[in-house]
2 protein chains.
Amino acid sequence: MTSPEGGSGRRAQLLSIAAELFARRGFAATTVREIAESAGILSGSLYHHFESKEAMVDEVLRAYLDEQLAAFRGAVEAGGDPRSKLEGLIRASFTVLRKHRWAMAILHNETGYLAGFERFAYLEQASREFERIWVRVLREGRSRGVFRTELNPRLTHRFIRDSIASTVRWYNPRGRMSAQTIAEQYIRIFCDGVVIPGST
Amino acid sequence: MTSPEGGSGRRAQLLSIAAELFARRGFAATTVREIAESAGILSGSLYHHFESKEAMVDEVLRAYLDEQLAAFRGAVEAGGDPRSKLEGLIRASFTVLRKHRWAMAILHNETGYLAGFERFAYLEQASREFERIWVRVLREGRSRGVFRTELNPRLTHRFIRDSIASTVRWYNPRGRMSAQTIAEQYIRIFCDGVVIPGST
DNA sequence: GTCTATAGACTGATAGAC
DNA sequence: GTCTATCAGTCTATAGAC
């Protein structure tokens, strides 16, 4: 406990290196030797900090899920009309993306693989809780007559969730497009669509 | 050459089994022993049909990319206004999804890993060609004043591409929602948005 | 906190019998 | 077309020196 993050700086640094590799190359395809080499140490030394490779991805994912859940709840509690809440949820996703981009990618890419292990059963629980939050907002908008009734709320949620998660693959924090800029484009597409109403 | 698909039935069957495993658990995480076991044979027997594990995924991906490219070109050549072309591209994606769902998932999930091998350099070429087709349609719509000018065409393309690719994770060909139903929902969200114009 | 050295399991792939 | 048997390499993880 030597830094505000609640862990030693070295530990957090190693986790960040591992997370990026897991996200870029896949969890199974990333070896502990690669993680160690990226950190400038040998693989055996990693086990002074972590119990196993699984424990590393576990810690990365839990930290992300906790913050994402808090951000989603905050967005809903901020209130407003359904559209404002929906925009808030999208913005909350991109706010968390800035800090947890690798974790978002890992969750998106590896759920199918990790869900097979009992250790990671909490991933599905978290996904269901996230879906509940989004679907509630989408249903509210529908019943108030501001969201299209022909759209399936669960499909709609997955649609936007997967779009955002996939953003991580090309998003560059030092690039031309900030997370906030991307968020505003996504809100535009998602809420209002690509086609200008009445143009055809 | 004993079947209309251009390969022996057995070969196609083995490829289908492998593709599903690659899509569900990841290419690196899937072992040749698992593929063989799913097919009811032993791992050594696989090498009578295929040169390597890489050759298997290679064949799966090439078959998909060829059909997808033809489908996209057909959609654009069908003509019509920009919105019709855009809808055609989305429908073409879902038409191909029915036959190549596992290949779509593999391409989406493993590009980051496979792109590292020279053997799979063609994946990036194909992605660029697909993007060119979509962006041309999106730009045309913009310049004709039917698509929103504030939207970045490349971002817009990736947005819908990744949404569709992610669909494979929950799409069930024997489920309540057909690929066509999903396509129409996606067209609605993507073209017109979730929010009903003038409702707020 | 890192290194050396290695155990023990698993991996993709091969050779030859049937 | 499948099986048996196995090789050579790689993987995660451990034990103990420094």
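Proteins get letters first, then strands, A, B, ... in listed order; numbering begins at 1 in each.
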For Phe27(B), the ring pair (Phe, Tyr, Trp, His ring centres under 6.0 Å) test, sequence neighbours excluded, returns Phe22(B)

**Asked** Does the pair Asp58(B)/Arg62(B) count as a salt bridge with the N-to-O cut at 4.0 Å?
**Response** yes

Assign each of Leu14(A) and Glu34(B) the nucleotide of DNA chain C bearing its closest heavy atom; nearer the 5' end lies the nucleotide of Leu14(A)

Residue pairs meeting salt bridge (Lys or Arg N to Asp or Glu O under 4.0 Å), one or both in residues 186-200 of chain A, sequence neighbours left out, come to Arg83(A)-Asp192(A), Arg188(A)-Asp192(A), Arg188(A)-Glu150(B)

Its 5'-most and 3'-most nucleotides having an atom under 4.0 Å from a non-hydrogen atom of chain B, DNA chain C is contacted over dT11(C) to dT14(C)

Here the residues of residues 35-46 of chain B within 4.0 Å heavy-atom distance, strictly under, of DNA chain D are Ile41(B), Leu42(B), Ser45(B)

Sorted by chain and number, sequence neighbours left out, side-chain hydrogen bond (donor to acceptor under 3.5 Å, both in side chains) with Ser16(A) holds for none

Hits for ring pair (Phe, Tyr, Trp, His ring centres under 6.0 Å) against His108(A), two or more places apart or cross-chain, chain-then-number order -> His108(B)

Within residues 47-61 of chain A, those residues having any heavy atom closer than 4.0 Å to DNA chain C are His48(A), His49(A)

Hits for salt bridge (Lys or Arg N to Asp or Glu O under 4.0 Å) against Arg136(B), two or more places apart or cross-chain, chain-then-number order -> none

Residues passing the side-chain hydrogen bond (donor to acceptor under 3.5 Å, both in side chains) test with Arg144(A), sequence neighbours excluded, are Glu140(A)

What donor-acceptor contacts under 3.5 angstrom involve side-chain atoms of residues 36-47 of chain A, with partners at least two apart or in another chain?
residue: Ser38(A); atom: OG; partner: Glu34(A); partner atom: O; Å: 3.1
residue: Ser45(A); atom: OG; partner: Leu42(A); partner atom: O; Å: 3.4

Salt bridge (Lys or Arg N to Asp or Glu O under 4.0 Å) pairs touching residues 92-102 of chain A, sequence neighbours excluded, are Glu67(A)-Lys99(A)

Taking for Arg10(B) and for Arg33(B) the nucleotide of DNA chain D with the nearest heavy atom, the one nearer the 5' end belongs to Arg10(B)

Sorted by chain and number, sequence neighbours left out, ring pair (Phe, Tyr, Trp, His ring centres under 6.0 Å) with Phe94(B) holds for Tyr186(B)

